[in-house]
Amino acid sequence: MSAVPEEPADESDRIFELQEQIDQLKEAVASHAVVDQAIGMVVALGRVTPDQGWQVLKDVSQHTNIKLRNVAELILLWGRAGTMPAEIRAELEDAIDRYGPTQIPGVPPE
């Protein structure tokens with residue numbers, strides 16, 4: 001008995017499915033990079049830990065009903081252009097107030 005080769009249509013479907021998976025993975029990697037960079041900005045500007053920076057982004061996203069990646073993109077644009085929508089800026093300031101600033105070890109509190 002010989003194996004029946006796959007029909008070309010089945011092979012084409014599989015190639016299409018794999019291409020979709022690759023596209024989703026590329027988008028996930030790009031999204032992760034944007035979020036990580038925004039967390040870095042929040043950490044530096046808000047004097048919070050990376051975990052707190054993540055919480056700040058999540059809070060802003062939840063309170064503004066804007067996807068987390070889009071919030072991260074707005075924060076990066078703010079870093080480059082210096083402008084941010086007022087609603088996002090107010091929520092960002094509130095979230096940073098809730099989570100930070102952290103104290104630098106060995107430095108007396110202000």
Backbone N/O of T49 and side chain of Q52: donor-acceptor pair under 3.5 Å: yes

Sequence neighbours excluded, the answer for side chain to side chain donor-acceptor pair (under 3.5 Å) partners of D97 is none

Can you give me every donor-acceptor pair (side chain of residues 69-78, partner residue at least two apart or in another chain, under 3.5 Å) with its distance?
| unit_1 | atom_1 | unit_2 | atom_2 | d |
| --- | --- | --- | --- | --- |
| R69 | NE | E73 | OE2 | 2.9 |
| R69 | NH2 | E73 | OE2 | 3.3 |

Closest non-hydrogen atoms of M41 and G79, given as atom of the first, atom of the second and distance, are CE-CA, 3.4 Å

Hits for salt bridge (Lys or Arg N to Asp or Glu O under 4.0 Å) against E20, two or more places apart or cross-chain, chain-then-number order -> none

Quiz item: Could you walk me through whether W54 and L68 pass the side-chain contact (heavy atoms from CB on, under 4.5 Å) check?
Solution: CA-CA 10 Å; W54 167 248; L68 191 130; 3.8 Å; yes

Show me the donor-acceptor pairs within less than 3.5 Å that the side chains of residues 82-96 make with the rest of the protein, sequence neighbours left out.
| unit_1 | atom_1 | unit_2 | atom_2 | d |
| --- | --- | --- | --- | --- |
| R89 | NE | E93 | OE2 | 3.3 |
| E91 | OE2 | H63 | ND1 | 3.2 |
| E91 | OE2 | R98 | NH2 | 3.2 |

query = Below 4.0 angstrom, N of the basic side chain to O of the carboxylate: do E17 and R14 qualify?
reply = yes

Item checked: Any side-chain donor near an acceptor of the partner, Y99 and D59, under 3.5 Å -> yes

Across all chains, not counting sequence neighbours, the side chain to side chain donor-acceptor pair (under 3.5 Å) partners of N65 are none

For residues 21-46, the salt bridge (charged side-chain N to carboxylate O under 4.0 Å, His left out) pairs (sequence neighbours left out) are none

Main-chain N/O of L57 paired to S61 side chain as donor or acceptor, under 3.5 Å: no

For V42 and G53 the tightest heavy-atom approach is CG1-CA, 3.9 Å

